[in-house]
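The sequence lines fix the lettering, A, B, ..., with proteins before strands; numbering per chain opens at 1.
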Amino acid sequence: MIALIDCNSFYASCEQVFRPDLQNKPVVVLSNNDGCIIAANKQAKALTNIPMFQPIFKIKKILDANNVVCFSSNYTLYSDMSRRVMDTLKNFSHIVEEYSIDESFIDLSLYNEKDLETVAINIKETVYKNTGIPVGVGIAKTKSLAKMANKFAKKHIENDNVYVVNTEEKRKHLLQNSKVKDIWGVGKKHAVRIENTGCKTALDFANMEVAWVRKQMTVIGERLWRELNGLPCLEMITIPKPKKAIGTAKSFGYKLTDYRLIEEACSYYVAEVADLLRQQKSVATQIQVFLTTNYHSEYDKQYQQSITITLSSPTNSTIKLTQQALTGLKKIYKTGFRYKKVGVNLLHLVSEDQVQLNLFNVDHKITSKKITDTIDILNSKFGKNKVKLATVGNREKQWALIKEQRSPRFTTQWDELMTIGKK
DNA sequence: TCTGGGGTCCTAGGACCC
DNA sequence: TCTGGGGTCCTAGGACCC
């Protein structure tokens, strides 16, 4: 049996852990640049007209009228809280798959099946006691059913955030009471196609002809169909696979026209992704740079362009990647536009030790590696970005994201610890 | 004025090879 | 009317997830 544990309104819950005064109050967390809502707690969700992913300026009035507390996103805090939750889960099973920042699958086959209800409640209570984060638990024979059981448990309050599918009756009850669009892996497009055949519930889908499913939804759909019928097709992935691509693309805090500033932002992003690349001990064979104006704007002239450069030899050197990225950026940049976003993608990543050495730049490679290693060591000792390339610039980041309401990084910064009582 | 960001997997079709 | 057959690699695009 597999359990899916999912944190309730994770980002908002993280904020509330350190702000007990916000218990039972509506709380939302905003995206980068404070652009739109990416998380809302129960109380905020209960207010109608707070749709997720809506630009904040459209619903500002509703937020204010209801005294909704808004936070800028604070990923440093959320990552650390996530680690605490995951550590707690490891006490319940040795087979844990960290599926995302706020959910995990864990294998419970060592437990007696009739005890699972108790185990589920125990997991929920222990995580809350250790971290302050409320979670939901869904348990079933397959990942897809566990995922749906979890969602079902949250939706129907009488389940108190726990649902265990340990009988055929409960499987049918779960699927009968879930809509097609609630099936994990069925998005908008497939939901329409499925419903057009007359299916209304997840159970109807599970009873469809598998040939139709295969044809319309490929092998992914067939796996899902089997999983809903109790046949496990998705394995537990306990060792995270190295990423095949690493990218970043963030909107600027302000529209940019100045090439120099865009270049600084681009260099900064290259340093970020190159760092992640080295952490997973990979090298990139291609780098892609793209630049775009604000496509939402009706006034601005629109322009977007991207360029993909194949590197002469695969690398994870910030220096080399920056050189290539800026060469690319120069090619696609055109004057006369107000730019909104620049992005960098590292593509076709391969393991460091699988690289085919290019005979002709061995020397260069080694020198470059020494510099990169030294920069990494210094930065891990003295703090992120203390040592950087000159192209990143040293002035205030005029392109930086807007984060007006970020909470303190309570758990990772000594100077941002919580204070109690008078100073 | 203000509209997120980072991924995965699969398939079809083109280019190319023998 | 008939129009080889088998294969690989790559890319773009679709669909989905959190």
Side-chain angles (χ1 to χ4, degrees), chain A residues 4-11 28-40 51-61 63 70-73 75 78-79 82 97-105 143-144 147-148 150-151 180-194 213-224 233-235 237 240-255 269 272-273 276-277 280 285-286 288 290 292-300 306 308 310 338 340-349 401-404:
Chain A
L4 186 267
I5 295 101
D6 176 313
C7 302
N8 300 351
S9 320
F10 182 57
Y11 297 168
V28 299
V29 176
L30 310 178
S31 65
N32 284 327
N33 284 320
D34 294 346
C36 57
I37 295 178
I38 53 169
M52 301 283 266
F53 302 103
Q54 273 293 298
I56 195 95
F57 72 94
K58 281 192 182 167
I59 52 169
K60 187 104 181 61
K61 277 186 186 157
L63 296 177
C70 300
F71 287 95
S72 303
S73 37
Y75 288 102
Y78 310 150
S79 310
S82 170
E97 173 180 343
E98 290 187 22
Y99 183 72
S100 76
I101 192 165
D102 72 337
E103 36 187 305
S104 263
F105 288 103
K143 279 180 161 183
S144 306
K147 180 83 185 173
M148 289 187 68
N150 178 294
K151 190 168 186 174
V180 169
K181 67 175 173 51
D182 292 332
I183 302 171
W184 184 45
V186 172
K188 267 189 193 150
K189 296 279 165 73
H190 284 326
V192 172
R193 273 179 226 165
I194 295 166
V213 176
R214 173 73 189 217
K215 184 136 190 254
Q216 298 292 321
M217 300 170 66
T218 78
V219 62
I220 297 180
E222 180 170 343
R223 267 185 221 136
L224 175 61
C233 296
L234 305 173
E235 287 179 0
I237 303 167
K241 293 183 188 151
K243 296 213 162 59
K244 294 174 180 171
I246 297 177
T248 190
K250 291 169 203 142
S251 300
F252 304 126
Y254 308 90
K255 300 291 176 306
Y269 295 160
E272 274 188 340
V273 290
L276 294 172
L277 184 66
Q280 73 163 35
T285 55
Q286 283 190 323
Q288 181 179 59
F290 64 90
T292 143
T293 51
N294 179 11
Y295 58 88
H296 292 293
S297 170
E298 290 171 15
Y299 327 100
D300 288 322
S306 83
T308 306
T310 301
R338 297 170 73 231
K340 172 72 180 160
K341 187 193 276 184
V342 70
V344 180
N345 289 316
L346 304 178
L347 307 169
H348 294 131
L349 311 185
L401 309 169
I402 300 167
K403 282 181 186 268
E404 284 184 345

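With B/dG6, C/dC17, C/dT11 as the choices, the nucleotide that has an atom nearest any side-chain atom of A/Gln286 turns out to be C/dT11. For A/Lys255, the listed nucleotide lying nearest its side chain is B/dC2; candidates were B/dT11, B/dC2, C/dC18. When distances are taken from the side chain of A/Lys250 to each of B/dG6, B/dT1, B/dT3, the shortest belongs to B/dG6. Distance from the side chain of A/Lys243 is smallest for B/dG7 among the nucleotides B/dT3, B/dG6, B/dG7. The side chain of A/Lys244 has B/dT8 as its nearest neighbour among B/dG4, B/dT8, B/dT3.
If you measure from atom CZ of A/Arg223 to atom P of C/dA15, you get 18 Å, rounded to the nearest angstrom. With rounding to whole Å, A/Asp102 atom CG is found 9 Å from C/dC18 atom P. Distance A/Lys189 NZ to B/dC9 P: 21 Å, rounded to the nearest Å. The NZ atom of A/Lys181 sits 14 Å away from the P atom of C/dC16 (whole-angstrom rounding). Separating the CD1 atom of A/Ile220 from the P atom of B/dC9 is a distance of 9 Å, rounded to the nearest angstrom. Whole-Å rounding puts the A/Asp34 CG to B/dT1 C1' distance at 14 Å. The distance from atom CG of A/Asp182 to atom P of C/dC17 is 11 Å, rounded to the nearest whole Å. Taking atom CG on A/Leu224 and atom C1' on C/dC17, their separation rounds to 12 Å, with Å as the unit.
For C/dC18, neither phosphate oxygen OP1 nor OP2 lies less than 4.0 angstrom from any side-chain nitrogen or oxygen of A/Tyr11. The phosphate of B/dT3 has OP1 or OP2 within less than 4.0 Å of a side-chain N or O from A/Asn294. The side chain of A/Ser251 places an N or O atom within less than 4.0 Å of a non-bridging phosphate oxygen (OP1 or OP2) of B/dG5. Side-chain N/O atoms of A/Lys241 include none lying less than 4.0 angstrom from OP1 or OP2 on B/dG7. Side-chain nitrogen and oxygen atoms of A/Lys147 include at least one within less than 4.0 Å of the OP1 or OP2 phosphate oxygen of C/dC18. Note on A/Lys341: every side-chain N or O is 4.0 Å or more away from OP1 and OP2 of B/dG4. Taking only side-chain nitrogens and oxygens, A/Ser73 never comes nearer than 4.0 Å to OP1 or OP2 of B/dG4. Distances shown here put a side-chain N or O of A/Lys340 below 4.0 Å from the OP1 or OP2 atom of B/dT3.
Of the residues A/Glu97, A/Lys151, A/Lys147, the one that meets the side chain to side chain contact (heavy atoms under 4.5 Å, CB included) test with A/Leu4 is A/Lys147.
Nearer to the 5' terminus of DNA chain B, by closest-nucleotide assignment, is the contact made by A/Tyr75 (compared with the other of A/Asn345 and A/Tyr75).
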task = Decide side-chain hydrogen bond (donor to acceptor under 3.5 Å, both in side chains) for A/Glu98 and A/Ser104; before the verdict, give the C-alpha distance in whole Å, the side-chain angles of both, and the deciding distance to 0.1 Å.
result = CA-CA 5 Å; A/Glu98 290 187 22; A/Ser104 263; 5.6 Å; no
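Using a 4.5 Å cut-off on side-chain heavy atoms (C-beta onward), A/Lys143 and A/Trp184 make contact. Within the 4.5 Å cutoff, no side-chain heavy atoms of A/Glu103 are placed close to those of A/Asn150. Using a 4.5 Å heavy-atom cutoff, the side chains of A/Leu224 and A/Val213 are not in contact. Contact of the A/Asn32 side chain with the A/Ser251 side chain is not registered, since no non-hydrogen atoms from C-beta on lie closer than 4.5 Å. With a 4.5 Å cut-off on side-chain heavy atoms, A/Met217 and A/Ile194 count as touching.
Classification of the A/Tyr78-A/Tyr11 ring pair by plane angle, with boundaries at 30° and 60°, yields parallel.
Within 4.0 Å (heavy atoms only), A/Ile246 reaches sugar-phosphate atoms of the nucleic acid but no base atom. Among the protein residues, A/Tyr99 comes within range of the sugar-phosphate backbone only, with heavy atoms under 4.0 Å from sugar or phosphate atoms but none that close to a base. No engagement by A/Arg338 is indicated, since no non-hydrogen atom pair under 4.0 Å with the nucleic acid exists. Residue contacts for A/Ser297: at a heavy-atom cut-off of 4.0 Å it reaches no nucleic acid atom on any strand shown.
Using modelled atom types, one side-chain atom of A/Thr218 and one backbone atom of A/Ile220 make a donor-acceptor pair closer than 3.5 Å.
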query = Tell me, what's DNA chain B's dot-bracket, Watson-Crick or G-U with both distances under 3.5 Å, | for other-strand, [ ] crossing?
reply = ....||||||||||||||
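If you take atom C1' in C/dG4 and the same atom in B/dC17, they sit 14 Å apart, rounded to whole Å.
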